[in-house]
2 protein chains.
Amino acid sequence: MAKGRAGDPDHGLELLWRGREREPRPGLSLGRIVRAAIELADAEGLPGLSMRKVADRLGFTTMSLYRHVPGRDQLVDLMVDDVMGEHPDDVPDAAGWRARLEGAARQAWRIRRRHPWLAEVRGTRHLPGPNGVAQYEYMLSTLTGTALTPSEVIAVVGLVGRFVDAEALHLLETQREERRSGVSEEEWWGSRDTLYDRLDRYPTITYLWTAGGWDAPEDSFEFGLRRLLDGVEVLIEQRDEKRDESLVCEECGRPLEPAASGRPRVYCSRACRQRAYRKRKPG
Amino acid sequence: MAKGRAGDPDHGLELLWRGREREPRPGLSLGRIVRAAIELADAEGLPGLSMRKVADRLGFTTMSLYRHVPGRDQLVDLMVDDVMGEHPDDVPDAAGWRARLEGAARQAWRIRRRHPWLAEVRGTRHLPGPNGVAQYEYMLSTLTGTALTPSEVIAVVGLVGRFVDAEALHLLETQREERRSGVSEEEWWGSRDTLYDRLDRYPTITYLWTAGGWDAPEDSFEFGLRRLLDGVEVLIEQRDEKRDESLVCEECGRPLEPAASGRPRVYCSRACRQRAYRKRKPG
DNA sequence: CCTTTGCTGTTTATGCCGTACACGTAGTAT
DNA sequence: ATACTACGTGTACGGCATAAACAGCAAAGG
């Protein structure tokens with residue numbers, strides 16, 4: 001079943017887009033392996049995910065997994081798409097690109113809170129499964145109604161996606177080191193006296209320190225998301241202006257005044273509109 | 001010399017902040033190890049960096065390194081700070097927070113282009129060395145002149161830093177997979193026909209595809225940096241307005257009109273100013 | 001019925017990795 | 001001369017992914 005060797009992307013795709021399987025049979029199966037692997041990664045993170053441990057958890061030998069999954073990388077691909085489908089309808093159907101994009105970002109963030117290892121998945125050639133594509137499709141769709149160009153829409157979605165990943169990764173690492181060492185981040189940094197002695201020479205750091213900048217830090221996801229959306233909004237407003245500027249009358253080609261109402265204008269005057277209508281229905 | 005065992009942060013700090021060493025002696029030394037490790041990581045990335053390979057490159061045995069470096073993690077810390085000091089004066093001394101912050105981000109980006117593995121360094125408890133602190137200090141200083149609160153200054157710098165890292169990581173992974181497989185990213189995705197067959201069902205993706213959105217993609221670093229800075233600018237403008245609003249006369253407490261010139265106002269009227277001056281020099 | 005075929009899981013082995021530990025050796029201070 | 005220290009080596013352990021050969025078993029074909 002996993003005979004396509006590890007290097008074959010098409011085989012990986014097949015596994016990702018396989019339909020629901022009839023699972024009542026005993027023994028190993030792709031679905032069971034993926035679910036065990038997700039549990040393991042939830043508990044120990046991606047570096048802690050090993051074929052041995054997955055197999056142990058299922059009560060089989062390591063190599064038995066390779067009968068079903070081409071290799072570790074493909075297993076991770078499968079885990080990703082599985083998890084992406086967990087809460088498909090948590091996204092509120094808000095109005096306006098900003099609310100919708102923000103909702104999608106929060107949805108991605110929520111999934112990453114539940115499965116922090118998602119942010120640790122590296123590599124740019126991960127084949128998307130049905131759930132991943134659905135999310136991507138949704139994020140893109142939040143922006144296609146705006147004046148952004150297609151490549152800008154794609155760039156914004158990529159930017160937001162990488163932002164969420166970066167924040168999730170940051171959070172994950174914090175929590176992991178806290179668990180591993182049993183010392184909270186604050187405590188650990190707090191006891192680095194030999195470091196602070198050296199930092200006295202730096203005026204800005206010293207100023208921000210005494211001003212309490214580190215005492216009540218911003219929530220970095222909330223803060224960053226807002227900045228990002230503000231930045232996108234600035235671009236969209238620019239494009240809106242440009243679009244109005246560049247609109248020309250469809251009949252005579254003269255530039256149009258920006259429309260006062262939301263309805264976009266097409267002709268510069270009643271005369272042009274009537275001329276156009278007359279052409280459309282000849283006779 | 002590296003007797004402090006691997007778990008001791010203070011010993012790591014000592015190594016990071018050690019001064020210039022008198023190096024003429026033959027044999028191993030911290031500096032030589034760090035430089036060899038950087039060369040190796042430049043060529044093969046962080047995952048390709050192993051103690052064995054570093055030792056081989058220097059013509060010593062693996063374990064000899066442990067006489068000078070507590071362990072692999074600390075070696076990476078040392079590499080990071082070494083590299084951060086490579087071009088300390090490439091940052092133009094521009095005016096205005098935006099140009100200065102942008103310059104710092106580009107400097108960080110330039111270093112990551114030269115040493116892509118920097119973006120692969122994970123973990124939140126990396127001790128900063130002198131060069132890392134200097135860069136952090138500079139980035140913070142670009143914003144302390146604005147109306148942002150201390151915690152906002154810190155949040156912005158963190159956001160920009162993580163953005164640069166995320167973009168660098170993305171680029172690195174693209175390039176690595178291209179080199180490893182000998183197939184360019186475009187080519188690889190181009191031959192995933194079995195994938196595109198499935199994507200036809202998704203209208204937004206299909207629309208953006210036919211509209212050529214993927215034909216000439218945005219430069220994701222340039223695009224993202226601009227959005228981010230725009231977003232920060234929006235916040236700073238908000239704070240500026242608030243600051244003007246919330247300013248009150250130091251003498252009578254009545255709200256002040258926003259200052260027309262750049263010079264901030266302190267008193268609401270000449271009468272108040274004179275009253276204040278009279279109090280200041282009694283008699 | 002028996003045999004063949006193919007699916008499933010196991011065993012064994014290879015080559016990486018970080019690093020603990022015990023050991024030698026050479027130079028220096030007493 | 002002796003003791004101590006810094007430096008480098010060799011061996012070994014436990015972990016990782018996975019290649020290759022092999023064993024059991026069930027369904028299919030004669």
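Each chain gets a letter, A, B and so on, in the order its sequence line appears, and its residues count up from 1. Note that the structure is a prediction, hence the values are computed from the model and not measured.
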Trainee: At under 4.0 Å, does any side-chain N or O of A:Ser64 touch on OP1 or OP2 of C:dT8?
Mentor: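 No, outside the criterion.
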
Trainee: In whole angstrom, what separates B:Met63's CE from D:dC7's C1'?
Mentor: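 Those two atoms, CE and C1', are 13 Å apart.
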
Trainee: If you look only at pairs with a residue in residues 159-179 of chain A, which of them pass as a ring-ring contact (aromatic ring centres under 6.0 Å, His included), with sequence neighbours excluded?
Mentor: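 Counting only pairs at least two positions apart or across chains, the ring-ring contact (aromatic ring centres under 6.0 Å, His included) contacts touching residues 159-179 of chain A are A:Phe163-A:Phe221.
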
Trainee: Give the rounded distance in Å between these two atoms: CG of B:Leu75 and P of C:dG18.
Mentor: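 Whole-Å distance recorded here is 10 Å.
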
Trainee: May I ask you to decide whether A:Arg106 forms a salt bridge with A:Glu222, counting only side-chain N to carboxylate O separations under 4.0 Å?
Mentor: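 Looking at A:Glu222 together with A:Arg106, the answer is yes, because their closest N to O distance falls below 4.0 Å.
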
Trainee: Output the rounded distance in Å from OH (A:Tyr66) to P (D:dA19).
Mentor: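 Result: 7 Å.
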
Trainee: Please identify each residue that fulfils side chain to side chain donor-acceptor pair (under 3.5 Å) with B:Arg201, with sequence neighbours left out.
Mentor: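 B:Arg201 satisfies side chain to side chain donor-acceptor pair (under 3.5 Å) with no other residue.
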
Trainee: Respond yes when some side-chain nitrogen or oxygen of B:His68 is under 4.0 Å from OP1 or OP2 of D:dG8, and no when none is.
Mentor: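 It does, given that an N or O in the side chain of B:His68 lies less than 4.0 Å from OP1 or OP2 of D:dG8.
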
Trainee: What is the distance from CG of B:Leu65 to P of D:dC7, rounded to the nearest Å?
Mentor: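 Spelled out: CG on B:Leu65 to P on D:dC7 is 13 Å.
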
Trainee: Residues two or more places apart in sequence or in another chain: which of them pass ring-ring contact (aromatic ring centres under 6.0 Å, His included) with B:Trp17?
Mentor: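 Per chain and number, B:Trp17 pairs via ring-ring contact (aromatic ring centres under 6.0 Å, His included) with no residue.
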
Trainee: Nearest whole angstrom, please: distance from the P of D:dA17 to the CG of A:Leu46.
Mentor: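 Going from A:Leu46 (CG) to D:dA17 (P), I get 11 Å.
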
Trainee: If I take atom CZ in residue B:Arg67 and atom P in nucleotide C:dT25, what distance separates them, rounded to the nearest angstrom?
Mentor: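 These atoms are roughly 15 Å apart.
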
Trainee: In whole angstroms, how far is the P atom of C:dT10 from the CG atom of A:Leu28?
Mentor: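 Taking CG of A:Leu28 and P of C:dT10, I get 8 Å after rounding.
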
Trainee: Can you list, in residue-number order, the parts of residues 47-61 of chain A that come under 4.0 Å of DNA chain C, counting heavy atoms only?
Mentor: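 The answer is A:Phe60, A:Thr61.
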
Trainee: Holding to ring-ring contact (aromatic ring centres under 6.0 Å, His included), I want the full list of residues that pass it with B:Trp214, two or more places apart in sequence or in another chain.
Mentor: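 Testing B:Trp214 for ring-ring contact (aromatic ring centres under 6.0 Å, His included), a comparison that skips the adjacent residues, returns none.
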
Trainee: Side chains of residues 55-64 of chain A: which donor-acceptor partners sit under 3.5 Å, not counting sequence neighbours?
Mentor:
{"residue": "A:Arg57", "atom": "NH1", "partner": "A:Glu39", "partner atom": "OE1", "Å": "3.0"}
{"residue": "A:Ser64", "atom": "OG", "partner": "A:Thr61", "partner atom": "O", "Å": "2.5"}

Trainee: Mind calculating the distance between CZ (B:Arg72) and P (C:dC16) to the nearest angstrom?
Mentor: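 About 16 Å, once rounded to whole Å.
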
